[in-house]
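A short worksheet on the structure shown next.
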Amino acid sequence: MSIVAQSRKVLGRAWKFALNSVLPASCLLCHNRCEEGMLCAACHDDLPLLGANACPRCAEPGTGGLTCGHCQKQPPHFDRAWAPWRYEHPVDRLIQAFKYQGQLGLAPLFAEGLARQLAPLADQWDAIVPLPLHGERMGERGFNQSLELGKHLGRLLNLPVLSQVCQRTRATTAQAELPIDKRHANVRGAFHCTAALDGQRLLLLDDVLTTGATLSECARTLKLHGARQVDVGVIARTCHH
Ligand SMILES: [Zn+2]
Ligand SMILES: [Zn+2]
């Protein structure tokens, strides 16, 4: 690249940065102007809510608030689960932008969605545990999305965030790449706790709950190390209907 082209590129970047810091942001979804945050009020209000009729154990929607068949047959190792939104358009797009494009500005919006559900229950937990990411993935991505979410949620719920008590010992195949019946085996033994958690009541955080196999395995490990209760909070729940 020529010197001129190079300096044009650098200047272009500086110009963009300067513009971003003086102009109001535009909505990530509709590109209309929005005064604060990443989404305009209209797009925010249109996000697909999970609703109150979910399974209390795994947040599977549409069970009329009853425990779903899957949880009756094979309950997960976590005790309860919450998600503000359904994992469908455009929440899926937002979560992908958050995870894979480093749109960390979405973390406060996601945390606020969870806090609306969880704030009345906040005294039922002693701490938040972000689902750990394996070192390799952390290296690729540069951050752990669950920890970024946890930092904001911890502030909103006034709970400490324990980011060091649990590690991921294996870089497992991404769950999304596996058939559902292989997912439990894939994550078995994938976590390791380095702290005693005697009697702790924990809120385990992740971005999406699909089969819950990874969260269940992490909850099992936390309980093996003394946690008395492990509940789950995610940004979005996949819906099988
Ligand atoms: Zn919008
Ligand atoms: Zn369930």
Side-chain angles (χ1 to χ4, degrees), residues 58-59 76-83 87 95-104 106-108 110-111 113-115 118 125-157 159-178 182-238:
C58 74
H77 290 283
F78 50 81
D79 300 287
R80 299 177 294 178
W82 289 270
Y87 190 69
I95 292 177
Q96 283 155 19
F98 176 53
K99 274 170 81 166
Y100 303 118
Q101 292 158 31
Q103 292 276 9
L104 297 183
L106 284 164
F110 292 151
L114 260 171
L118 301 182
W125 297 294
D126 300 303
I128 288 172
V129 176
L131 190 86
L133 202 62
H134 189 264
E136 260 173 43
R137 293 230 200 282
M138 183 78 185
E140 291 162 19
R141 202 170 293 169
F143 62 93
N144 175 356
Q145 69 275 6
S146 303
L147 175 56
E148 296 305 316
L149 183 66
K151 287 180 196 165
H152 290 276
L153 191 63
R155 267 197 293 275
L156 294 170
L157 301 183
L159 287 170
V161 180
L162 308 179
S163 58
Q164 303 294 329
V165 297
C166 189
Q167 273 90 43
R168 196 127 172 180
T169 52
R170 283 191 292 124
T172 51
T173 310
Q175 292 287 78
E177 291 164 20
L178 290 173
K182 297 281 190 300
R183 292 184 183 187
H184 283 278
N186 181 46
V187 292
R188 185 92 184 158
F191 298 96
H192 175 69
C193 270
T194 45
L197 297 165
D198 301 329
Q200 296 265 312
R201 301 161 306 163
L202 303 173
L203 177 63
L204 180 59
L205 278 191
D206 197 8
D207 51 349
V208 181
L209 197 161
T210 303
T211 66
T214 309
L215 285 159
S216 181
E217 178 61 14
C218 190
R220 188 181 75 87
T221 312
L222 294 168
K223 285 182 171 178
L224 274 176
H225 286 77
R228 172 153 60 99
Q229 186 178 328
V230 179
D231 294 321
V232 161
V234 292
I235 302 164
R237 176 69 161 99
T238 56

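Values below: every heavy atom of this structure, side chains too, minus hydrogens, waters and symmetry copies. Quick note: residue numbers are just sequence positions, from 1. Keep in mind it's a predicted model, so treat the numbers as computed, not measured.
Across every non-hydrogen atom of A97 and L106, the tightest pair is CB-CD1, 4.4 Å. Here the shortest heavy-atom pairing between V232 and L203 reads C-CD1, 4.0 Å. Closest heavy-atom contact between A115 and L156: CB-CD1, 3.8 Å. Summarising the geometry of L159 relative to W125, their closest heavy-atom pair is CD2-O, 3.3 Å, with the distance given to 0.1 Å. The nearest pair of heavy atoms linking H225 to A195 is CB-O, 3.9 Å.
Side chain of R183 to backbone of L178: a donor-acceptor contact under 3.5 angstrom is found. When atom types are taken as modelled, the side chain of Q167 and the backbone of Q164 share a donor-acceptor pair closer than 3.5 angstrom. A donor-acceptor pair under 3.5 Å is absent between the side-chain atoms of R201 and the main chain of V230, judged by distance alone.
D79 has a carboxylate O that lies under 4.0 Å from a charged side-chain N of K223, or vice versa, which qualifies the two as a salt bridge.
Expressed to the nearest 0.5 Å, how far CD1 of I95 lies from CD1 of I235 amounts to 4.5 Å. The CG atom of L153 sits 5.5 Å away from atom CG of L114, with the distance rounded to the nearest 0.5 Å. Atoms OG1 and CZ, from T214 and F191 in turn, are 6.0 Å apart once rounded to the nearest 0.5 Å. Rounded to the nearest 0.5 angstrom, D198 CG and Q200 CD are separated by 8.0 Å. Put simply, CG on L157 and NE2 on H152 are 13.0 Å apart, with the number rounded to the nearest 0.5 Å. With rounding to the nearest 0.5 angstrom, the CD atom of E148 is 12.5 Å from the CG atom of D207.
Using a 4.5 Å heavy-atom cutoff, the side chains of R168 and C218 are not in contact. Using a 4.5 Å heavy-atom cutoff, the side chains of L104 and F98 are in contact.
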Ignoring hydrogens and angles, write down the donor-acceptor pairs under 3.5 Å from the side chains of residues 128-141, residues two or more places apart or on other chains.
{"unit_1": "H134", "atom_1": "ND1", "unit_2": "E136", "atom_2": "N", "d": "3.1"}
{"unit_1": "R137", "atom_1": "NH2", "unit_2": "T172", "atom_2": "O", "d": "2.6"}
{"unit_1": "R141", "atom_1": "NH1", "unit_2": "Q145", "atom_2": "OE1", "d": "2.7"}

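By the side-chain hydrogen bond (donor to acceptor under 3.5 Å, both in side chains) test, S146 pairs with D206, sequence neighbours left out. Residues passing the side-chain hydrogen bond (donor to acceptor under 3.5 Å, both in side chains) test with Q229, sequence neighbours excluded: D231.
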Checklist entry - Checking side chain to side chain contact (heavy atoms under 4.5 Å, CB included) for the pair L118/W82: CA distance, chi angles, key distance, verdict? => result CA-CA 8 Å; L118 301 182; W82 289 270; 3.6 Å; yes

Starting from the C-alpha separation in whole Å, work towards a yes-or-no answer on side chain to side chain contact (heavy atoms under 4.5 Å, CB included) for H77 and E217. CA-CA 7 Å; H77 290 283; E217 178 61 14; 5.5 Å; no

